[in-house]
Every structure is written in C-alpha cells, then in structure tokens.
Undergrad: 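Got a structure for you, written out below as structure tokens; questions coming shortly.
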Amino acid sequence: MAMRAYLQRALLEALRQIDGVPNGFLPTLEVPKVAQHGDLSTNCALKLARHLHRAPMQIAEEVATRIALDPDRIEACEAVRPGFINFRFSHRQLYQALAAVLEAGPQFGRTGAGQGQRALVEFVSANPTGPLTVGHGRNAVLGDTIANLLEWTGYDVTREYYFNDAGRQMRVLGASVRARYEQALHDRNLVAGSYATKHATDGVGRRVEVPASFPDDGYLGHYIVEIARALADAEGAALLSATSDAPFTQAAKEAIFQDIERTLQRLDIRMDTFFNERSLYESGALDAVLQGLSGTGLLYEKDGATWFRTSAMGKDSDTVLVKRTGEPTYRLPDIAYHRDKLQRGYDVCVNVFGADHIATYPDILRALRVLGLDADRIDVILYQFVTLVRGGQEVKMSTRKANFVTLDELTAEVGPDVTRFFFLMRSVGRHLEFDLDLAKEASDKNPVFYLQYAHARICSIQDKAASVGFETDVKADLALLTHETELNLIKQVVHFPQALCAVAEAREPHRLVVYLREVAAAFSHFYHHCRIIGEPRATASARMALAAATRVVLCNGLTVLGISAPERMEKRDEA
RNA sequence: GCGCCCGUAGCUCAGCCGGACAGAGCGUCUGCCUCCGGAGCAGAAGGUCAGAGGUUCGAAUCCUCUCGGGCGUACCA
C-alpha cells in the first residue's frame, strides 16, 4: 500500500510538469504479469497519448526522466516498448517490509479501511424446517468468510441469521411431526387400536407409507420421525389431546435449530444474532413500510390485493405485497427486515443469496430507495448452485440414502477444512462442482493440502532448527536474502495486506485462495533451491526469518478462510 | 418471450473496472530423495479464450447478434 501510494504521488508530481495532462488524471499502478517487467507498472503514458497527441513511448520517457524517486525505495524506473513505465523496488525496501511482517505476526494483514464502521453479514437464513443442505453450505462458508474478511479490514462485524417460524411451512412442519408422533405412540403401544396409513410420493418419485393424518405436502424426512419419537419418549401420550399443532411445531423448531447450529459449529461458524421475521409483524414494521410506500403513490389496490408499482421502476410488472387474503407476501417482511438493518445503523449490509433470489432482491432495493433509505449500503452476494460429483457422475440431490443431502454428512465425510476450502475456491458467479472423490483424497491432487503442507513444513523446519540449537532470529541480516526465489517469496509475503484488502473489498474469497496458493508455491520453490539448516549461521538466520514470515502469512490467510494451519500433517500410508 | 449467471488446455478452473508472448492444478510424458517432510521440485507437450460482427493504438476482458448450459420470471417460501 505504501509503495503504491508513494509511486502514485511521485507520478502525479511528474505529470504535473508535462503540458496538456488533464487535471483529474489519475495514473494507475498494477503488478505486471511477468516478473521481468518489474514490481509495479503504469500505463499512464499509453492512456495519455491520444490526449496529448504524442507518441506514448515519448511520454513514457519524459515521465521516467522527470519523476523524482528515492533510490532507497525504488532501484529502477524505465520506460519500455509500447509505453509502459516499470518500477523495481529496492532490496532494502523489501527487507524492511519483511521485517515488518515478523513484527506484526498474528496481526499482519489487518488493515483499517473499515475502521469505526459496522457491518452486518446476513447468511444461511434457512427456515428451521430441516437440516442444512449442501447448497446452504456454500452460503454458510461464503458468509462466514466474508465476515472474516471484513473483520480483518477493520469493520465491527455482526453475523446474522434471519428466519421465519410462523408461515405455512412451519404449520405443515408441525402437522407432519404430529402425525409421526401419533405413529410413534402406536408403535410403542402407548395407544390402543390400529391407525390408518396412506401413501405419499417423495422427492424422487417413490411411494412411501405415511400415517393417514399426515399432511399432503408434509415433510417426509427421517428427522421428522426422530423428533416425533423423542417427543413420544419425553411426553408419552400427553400431547395427543393438544388442541393445536403448536407444541409440535415448537419442538420441531427447537430440535432443528439445535441441529443447524451444531452443523454450523462443525464448520467453525457461529452466529451473533438470530432475527425472527415474526418480530416485524409484532413491532408494526410491516405497516410502517406500507405507510411509507403509500405516501409516495406507488402503492395501489387491485383485486383485493395491495400492489407495489415496480413497473414504474424498471421492472416489467408490478408486485403484490399483501395478498387478497390479507396475508403479506414474503416480500413485504423482506423489505421491512432490510429497512430494520439500515435503521440499526449498519454502514454495510452484506446479504448472501443463492442464485434463485435473483428476482427478489431488486424489489427490496427499490422499496428502500422509495422509503428514502440508502440502499447502496446493501451489498448482495449471489452465488450459483453446487453440484456434487462422485465417480465422475453428478449426484442427484435426493433423499436417497446413499447420496449426500445434508451439510453434516458432507462435513463428516471430507472434514471441515476441505469442506470450507472447496466452497471457497471458485468464484461465486460460477457453478461449483464439488468433487467428492477429490475432496476425500488426502493426496497431492487435493489443493487444500498444498497450502497446509507448506505451513506444516515450515513448522517442521523450525522444530529441526530449534533442536540443532538456534531459533528464528528477529535481528537476522535480511540483506543476505538475494536468491531469485528468496526475493520472489519476500514480494509475495509482503503483499498480503493489499491482497487481503482487495479480496475483502471485492467480496471474492476465492481470490484469497489463489493468492495463498501462490505464496505456498513461492515457498516451495525457495525451499528446494535454498537450504536453511547447515548453511553458515548468518545465512541460515536470514532464511529462517523468511520462513517464519511465510508461516505468518499462510497461517493468517488460512485463518481468514476458516481453515486450520496444522503444525504437522499425518504421513499418509502409501497403498 | 423477458431478466441474470456461465461457456478459456483432455478435465476442473484463474485472469474479465482493455494493455506487454493467455495462466494454475489435475491428467499425460522426462528428470530429481546418502540432504530441513517427495502431500514436494525442475522441465515438456497441450489453447481459432463458444461463434460472428463492432469500438480501440491495443479486446479473453467493452458493445451487438447467434449458438450452447444453468437460474429466475407466482396473490409459493
């Protein structure tokens, strides 16, 4: 950051001396793809060529000669071919930055862009009608990691889970549990007589037997049976006479939420707050939204329903907010909920949604704008769906026993580190192919281990060094690090804070995965070209320091991703 | 029909707010363990960046169209 800012200032100063450069012109600096082109590069001469009616190369040369640079920081500045100006950092600059990594240690990478600001990340938000699925897994891991990223860039972050335990879904859930409860009582001979059954069709078209009292669109999952049995164990036949399904709904909700939280905890995810949709009904927030909207004339009645004139705001149709029955559609509480978030004073509200929400959130933003709220504070992350692949075949998401449906099963099978890594390694805009065979394989094919292995290897070197009689020396003479692989590794390691910042701002965790892979690769190259233990003491100390700094970055980076940085990895048995 | 996402090496994907010869992993082929962990390293082969136009000094990247795949488009949640 410092170098980029420093160079930009120097460039601006140089450009000011050249006739015809527009006032607001801001030169940009980027890291060239090829190391040969230096550490930072600007294309400003190419950009200005048209404006100045001059050859880009000529401009580049003039800038390069006019720019005033501290040779202690920049060792080379040259204008090159089409008109790029390339800068090379001085070694001294690199060594200073490297020392700073060791000084900051576990804090290295923390920056302050969000200092003093509060962020709310809403994610998962699955209603408590069943266990979390693999699809929820991508949501959960993305949300948690984005929250981590925001924390590392200085925000005060709240992780929130929004849910609805009132609607039709929950009524059906309660009725399903009740039917299974009655069945359980019969199975245990706690009530006399036989009970009637009927057939229902499950998600993959199979006929299954259910109690006659089972709702037509009831929940067929086995977890319902378990909840019902637990109720039968705890309450006996006492609930048989209940006048409503409420006790069943309540029991189901509690059991399922417990299950969901446990599933999340296995992935090291903990929510700060749970927001109940029902509270919006009770607080009058829904009415407040309707009132606010009606004041603008964008609300009208038709066929007994209340409509929001979204057609006046770029949508091809209007949207119902309150049904003819008087019941709100889900969009109304959604609007009220987001209004509530903004009113709670969050500077940034991140929402993690599956691609199927593509059509709903624009309505929310429209409504918020109409209500005079700053909808730009809401940042929607839309992720594409997950496909499980096993044996080269897509696993159909179904209740079929052999297939995975729940997040829990997935985590149990491949472990939390691999689960998180796989959900994070692809960009959110792409479908995620989750290869179970690859995920389960503890081998070099599995990309997670490449990162963890590099970390473990450094730890192992440090152990070895300690046993030989010396440890990382903070006062090592870093100027002894001159090998190409050493310099490259230093550059990678030192870049961590900027990399993290950029990833946080873009809210694209997969880019952190890409960066960390590069760090691990740079370390492996260094490791294979430069010995540490056994070299002269001064050289060994410097290399130990470099390894320690690499460890810091790998560890901090993995921590942001929510993946462990093991000090050793089990040797695998070669089959 | 309309809206959004995606189409880059045999496979899975980076790169996409335009720039310097298109990158990585896996797979394939060659080498490297008397030496700090070979879950590694060094190297090779492999691409009309779906296709066609356009904008530009310059396009995988921006615009238009076409073709493929996915998701939406409810007074369901």
Side-chain angles (χ1 to χ4, degrees), chain A residues 28 30 32-34 36-37 41 43 46-47 49-50 55-56 80-84 86 127 129 164 167-170 217 277 302-307 314-317 319-331 333-334 354-360 362 382-385 387 389 392 425-433 435 438 441-454 456-465 467-468 485 506 510-511 513-514 517-518 520-521 523-535 540 543-544 547 568-572 574:
Chain A
T28 56
E30 59 178 32
K33 277 185 282 192
V34 207
Q36 202 183 356
H37 294 139
S41 173
N43 62 358
L46 289 156
K47 283 258 152 61
R50 163 180 290 267
V80 103
R81 280 186 290 184
F84 292 99
N86 298 334
N127 286 339
T129 56
N164 171 15
R168 200 188 69 87
Q169 271 187 67
M170 294 303 289
D217 48 357
E277 178 184 323
K302 192 180 93 185
D303 305 332
T306 304
W307 296 72
K315 197 178 164 181
D316 56 9
S317 63
T319 308
V320 173
L321 294 184
V322 182
K323 302 182 218 173
R324 194 164 32 197
T325 60
E327 224 180 339
T329 62
Y330 65 96
R331 235 161 266 219
D334 276 356
D356 53 343
H357 281 65
I358 183 70
T360 93
L382 268 189
Y383 63 92
Q384 298 297 130
F385 291 127
T387 310
V389 173
M425 71 181 177
R426 303 297 182 218
S427 66
V428 298
R430 285 182 78 117
H431 290 268
L432 176 69
E433 187 162 298
D435 186 329
L438 180 59
E441 197 167 338
S443 81
D444 52 351
K445 291 179 196 159
N446 193 327
V448 197
F449 298 119
Y450 188 76
L451 302 185
Q452 294 187 320
Y453 180 74
R457 184 179 248 170
I458 294 169
C459 296
S460 167
I461 293 168
Q462 291 177 329
D463 284 350
K464 178 87 176 186
S467 76
V468 170
T485 59
H510 78 279
R511 285 167 51 181
V513 173
V514 171
R517 216 213 156 270
E518 284 167 0
F523 174 75
S524 292
H525 302 161
F526 156 72
Y527 170 85
H528 280 274
H529 289 274
C530 303
R531 298 217 104 241
I532 300 176
I533 296 159
E535 291 294 308
R543 288 180 176 166
M544 283 290 290
R568 63 181 55 82
M569 300 189 64
E570 287 166 34
K571 293 226 196 245
R572 62 170 172 161
E574 204 67 54

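For clarity, every value in this text was computed on a predicted model and none was experimentally measured.
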Undergrad: Are the side chains of Q384(A) and R430(A) in contact, using a 4.5 Å heavy-atom criterion?
TA: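 Side chain of R430(A) against side chain of Q384(A), heavy atoms only: no contact under 4.5 Å found.
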
Undergrad: From C75(B), G40(B), C13(B), pick the nucleotide closest to the side chain of D303(A)?
TA: C75(B)

Undergrad: For C36(B), what is the paired nucleotide under Watson-Crick or G-U wobble rules, both distances under 3.5 Å?
TA: none

Undergrad: Could you tell me which nucleotide pairs with A52(B) by Watson-Crick or G-U wobble geometry, both distances under 3.5 Å, or answer none if nothing does?
TA: U64(B)

Undergrad: What's touching nucleotides 67-69 of chain B from the protein side, N or O pairs under 3.5 Å?
TA:
none

Undergrad: Quote, to the nearest angstrom, the C1' distance that separates G1(B) from G54(B).
TA: 27 Å

Undergrad: To the nearest Å, how far apart are N127(A) CG and A77(B) P?
TA: 11 Å

Undergrad: According to a strict under-4.0 Å criterion, is Y330(A) in side-chain N/O contact with OP1 or OP2 of C75(B)?
TA: no

Undergrad: K315(A) side chain N/O closer than 4.0 Å to the phosphate oxygens (OP1, OP2) of U73(B)?
TA: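 Result: no.
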
Undergrad: Of all the nucleotides listed (G37(B), C35(B), U73(B)), which has the minimum atom distance to the side chain of R531(A)?
TA: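 So the side chain of R531(A) is nearest to C35(B).
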
Undergrad: With a 3.5 Å cut-off and no angle check, do the side chains of K315(A) and T319(A) form a donor-acceptor pair?
TA: yes

Undergrad: Give me the distance, rounded to whole Å, that separates U61(B) from C16(B) when you measure between the C1' atoms they each carry.
TA: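 Straight-line distance between the two C1' atoms is 4 Å.
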
Undergrad: Quote, to the nearest angstrom, the C1' distance that separates U8(B) from A14(B).
TA: 10 Å

Undergrad: With the side chain counted from C-beta on, respond yes when F84(A) and P82(A) share a heavy-atom pair under 4.5 Å apart, and no when they do not.
TA: yes

Undergrad: Would you kindly check whether a donor in the side chain of T329(A) faces an acceptor in the base of A74(B), or vice versa, at under 3.5 angstrom?
TA: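 In this structure, the two groups form no donor-acceptor pair.
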
Undergrad: Using the closest heavy atom to pick a nucleotide of RNA chain B for each, name whichever of N86(A) or N446(A) lands nearer the 5' end.
TA: N86(A)

Undergrad: If C4(B) has a Watson-Crick or G-U wobble mate with both distances under 3.5 Å, name it; if not, just say none.
TA: G70(B)

Undergrad: Distance check needed: G19(B) P versus E30(A) CD, whole Å only.
TA: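 Going from E30(A) (CD) to G19(B) (P), I get 6 Å.
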
Undergrad: C530(A) near the nucleic acid: base, sugar-phosphate alone, or nothing, with a heavy-atom cut-off under 4.0 Å?
TA: base

Undergrad: So, for R543(A) and E535(A), which heavy atoms are closest and what is the spacing to 0.1 Å?
TA: NH1-CG, 3.7 Å

Undergrad: So, do T485(A) and Y527(A) sit near enough that their side-chain heavy atoms are less than 4.5 Å apart?
TA: no

Undergrad: Take atom P in C17(B) and the same atom in C41(B), then report the distance between them in whole Å.
TA: 30 Å

Undergrad: Rounded to the Å, how far apart are H525(A) NE2 and G43(B) C1'?
TA: 12 Å

Undergrad: Under the criteria of a ring-centre distance below 5.5 Å and an interplanar angle below 30°, is Y453(A) stacked with the base of G40(B)?
TA: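 No; by the centre-distance and plane-angle rule, Y453(A) does not count as stacking on G40(B).
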
Undergrad: May I ask you to evaluate whether H510(A) reaches the phosphate of C13(B), defined as a side-chain N or O under 4.0 Å from OP1 or OP2?
TA: no

Undergrad: Rounded to whole Å, how long is the line connecting atom NE2 of H357(A) with atom P of U73(B)?
TA: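 My rounded result for the distance is 11 Å.
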
Undergrad: Verify, without hydrogens or angle tests, whether N43(A) (side chain) and L46(A) (backbone) share a donor-acceptor contact under 3.5 angstrom.
TA: no

Undergrad: Pick out the pairs of N or O atoms, protein on one side and nucleotides 7-11 of chain B on the other, that lie under 3.5 Å.
TA:
residue, atom, partner, partner atom, Å
G7(B), OP1, R430(A), NH1, 3.1

Undergrad: Any N/O pairs under 3.5 Å between the protein and nucleotides 54-58 of chain B? List them or say none.
TA:
residue, atom, partner, partner atom, Å
U56(B), O3', R50(A), NH2, 3.0
C57(B), OP1, R50(A), NH2, 2.3

Undergrad: Give me syn or anti for C26(B), where syn covers glycosidic angles within 90 degrees of 0.
TA: anti

Undergrad: Could you check how far NE2 of H528(A) sits from C1' of G43(B), rounded to whole Å?
TA: 15 Å

Undergrad: From G72(B), C76(B), C41(B), pick the nucleotide closest to the side chain of K323(A)?
TA: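 Out of G72(B), C76(B), C41(B), the nucleotide with an atom closest to K323(A)'s side chain is C76(B).
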
Undergrad: Could you state the atom-to-atom distance from CG of D316(A) to C1' of C4(B) in whole Å?
TA: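 My rounded result for the distance is 13 Å.
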
Undergrad: Side chains of I461(A) and I532(A), heavy atoms from C-beta outward: is any pair under 4.5 Å?
TA: yes

Undergrad: Nearest nucleotide by nearest heavy atom, which residue falls closer to the 5' end of RNA chain B, G304(A) or D356(A)?
TA: D356(A)

Undergrad: Given salt bridge (charged side-chain N to carboxylate O under 4.0 Å, His left out), test R168(A) with D217(A) step by step and report yes or no.
TA: CA-CA 11 Å; R168(A) 200 188 69 87; D217(A) 48 357; 2.9 Å; yes

Undergrad: I want to verify a distance call: between A77(B), A14(B), C21(B), whose nearest atom is closest to the S427(A) side chain?
TA: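 That would be A14(B).
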
Undergrad: Under a 3.5 Å distance rule, please check whether R517(A) uses its side chain to pair with a backbone N or O of L451(A) as donor and acceptor.
TA: no

Undergrad: In whole Å, measure the gap between the P atoms of A24(B) and G15(B) for me.
TA: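 To the nearest whole Å, 15 Å.
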
Undergrad: Can a side chain N or O of K33(A) be found less than 4.0 Å away from OP1 or OP2 on A20(B)?
TA: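 So the side chain of K33(A) is within the cut-off, an N or O lying under 4.0 Å from OP1 or OP2 of A20(B).
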
Undergrad: For atom P, what is the distance between G53(B) and U12(B), given to the nearest Å?
TA: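 Between the two P atoms, the distance is 28 Å.
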
Undergrad: Nearest-Å distance, CD1 (I533(A)) to C1' (C36(B))?
TA: 4 Å

Undergrad: Using atom types as modelled and distance alone, determine if a side-chain donor or acceptor of W307(A) lies under 3.5 Å from a backbone N or O of L321(A).
TA: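 Looks like no, no N/O pair under 3.5 Å.
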
Undergrad: Expressed as a whole number of Å, how far does the P atom of U28(B) sit from that of G23(B)?
TA: 24 Å

Undergrad: R457(A) and S524(A): which non-hydrogen atoms are nearest, and at how many Å?
TA: NH1-OG, 4.3 Å

Undergrad: Which base sits across from G23(B) as a Watson-Crick or G-U pair, both distances under 3.5 Å?
TA: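 Because both required distances fall under 3.5 Å, G23(B) counts as paired with C13(B).
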
Undergrad: Taking a pair as Watson-Crick or G-U wobble with both distances under 3.5 Å, which nucleotide is matched to G31(B)?
TA: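 Pair assignment: G31(B) / C41(B).
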
Undergrad: Nearest to the side chain of R457(A), heavy atoms from C-beta on, is which of G38(B), C71(B), G37(B)?
TA: G38(B)

Undergrad: Please confirm whether the backbone N or O of E441(A) pairs with a side-chain atom of N446(A), one donor and one acceptor, at under 3.5 Å?
TA: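 It does hold such a pair.
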
Undergrad: Expressed as a whole number of Å, how far does the C1' atom of A22(B) sit from that of U48(B)?
TA: 13 Å

Undergrad: Tell me whether the side-chain N/O atoms of Y450(A) come closer than 4.0 Å to OP1 or OP2 in C41(B).
TA: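 For C41(B), OP1 or OP2 has a side-chain N or O of Y450(A) closer than 4.0 Å.
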
Undergrad: Rounded to whole angstrom units, what separation is found between the CD atom of E327(A) and the P atom of A74(B)?
TA: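 Computing the E327(A):CD to A74(B):P distance gives 18 Å.
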
Undergrad: Under a 3.5 Å distance rule, please check whether N127(A) uses its side chain to pair with a backbone N or O of N164(A) as donor and acceptor.
TA: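 Side chain of N127(A) to backbone of N164(A): a pair is present.
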
Undergrad: Side chains of R331(A) and T360(A): closer than 4.5 Å at any heavy-atom pair?
TA: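 Yes - at least one pair of side-chain heavy atoms lies under 4.5 Å apart.
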
